[in-house]
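Encoded as structure tokens, the structure appears first; notes follow it.
We name chains A, B, ... by the order of the sequence lines, and we start the count at 1 in each one. Computed over heavy atoms, backbone and side chain alike; hydrogens, waters and symmetry mates excluded.
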Amino acid sequence: EAGVVQSPRYKIIEKKQPVAFWCNPISGHNTLYWYRQNLGQGPELLIRYENEEAVDDSQLPKDRFSAERLKGVDSTLKIQPAELGDSAVYLCASSLEAGGTDTQYFGPGTRLTVL
Amino acid sequence: KQEVTQIPAALSVPEGENLVLNCSFTDSAIYNLQWFRQDPGKGLTSLLLIQSSQREQTSGRLNASLDKSSGRSTLYIAASQPGDSATYLCAVRYDSWGKFQFGAGTQVVVTP
């Protein structure tokens, strides 16, 4: 079974430029998560989707971040414009069910460097 | 504020020694707790998931215990191997629809 796929793996951009990350969850997984992980810290949730609906986006900086999950499968996370403080690893995860009893499966992440 | 703390931040042990990793949380009313492993440049891999009604979970050389009253979980790795070198993170969930609260992790190095 294929795992969670993310692209690109690495991205270097200059501040004020836009950037987008793509995630393909495990087939059949209804719940999709985007996390941000700063160096030396644990991941922090940005947004959670149940199918195509964003059910928890309270931690998403909505002035510059946006996300979508068309057709309830793939998802894209966008930053426009990027700031120096956005440098981090952006992780996508998926789980079969929304309930907390289910394990989350993580992708390898996209390492973003903003210069 | 709900916080999850992992101490120590880094640990080095010789091969064959047992590993003991600690996770503490300030709010004992948890829903479940999960231990993850993260290798450099990679995502997180789930190791063990403990529901609030459970006291421990075991998988191979790994054993995780949960003591809600004291706000602690411990991950034991028996007979450590160089391949166990990674960062280990614990994550706490406070309700079935809530988000995970992650600790910062413990970086483990097992020397041959």
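- A:Leu46 and A:Tyr49 fall within the same hydrophobic cluster, defined by Ile, Leu, Val, Met, Phe, Trp and Tyr side-chain heavy atoms under 4.5 Å apart, directly or through other members.
- Residues of residues 102-112 of chain B that come within less than 4.5 angstrom of chain A, heavy atom to heavy atom, are B:Phe102, B:Gly103, B:Ala104 in numerical order.
- Residue A:Lys71 qualifies as open at atom NZ: its count of foreign heavy atoms under 6.0 Å is 12 or below.
- Heavy-atom neighbours of A:Glu14 CD from other residues, nucleotides or ligands within 6.0 Å: at or below the threshold of 12.
- To the nearest 0.5 Å, atom CG of residue A:Leu91 and atom NZ of residue B:Lys42 are 14.0 Å apart.
- For A:Phe106 and B:Phe36, the ring centers are positioned less than 6.0 Å apart.
- Residues of residues 10-22 of chain B never come closer than 4.5 Å to chain A when only heavy atoms are counted.
- Note: the hydrophobic cluster containing B:Leu47 also contains B:Ile77 (ILVMFWY, side chain heavy atoms under 4.5 Å, direct or indirect links).
- Transitive grouping of hydrophobic side chains (ILVMFWY, heavy atoms separated by less than 4.5 Å) brings B:Leu48 and B:Phe25 into a common cluster.
- For B:Leu44, the parts lying under 4.5 angstrom from a heavy atom of chain A are both the backbone and the side chain.
- Contact annotation for A:Gln37: only side-chain heavy atoms (C-beta onward) come within less than 4.5 Å of a heavy atom of chain B.
- A 4.5 Å side-chain heavy-atom check between A:Gln104 and B:Arg93 finds at least one atom pair inside the cut-off.
- Note: the hydrophobic cluster containing A:Leu39 does not contain A:Leu112 (ILVMFWY, side chain heavy atoms under 4.5 Å, direct or indirect links).
- For B:Gln6, no part lies near chain A; criterion is any non-hydrogen pair under 4.5 Å.
- Both A:Val114 and A:Val19 are members of a single hydrophobic cluster when ILVMFWY side chains are connected at heavy-atom separations under 4.5 Å.
- A:Tyr35 places a side-chain heavy atom less than 4.5 Å from the side chain of B:Phe100.
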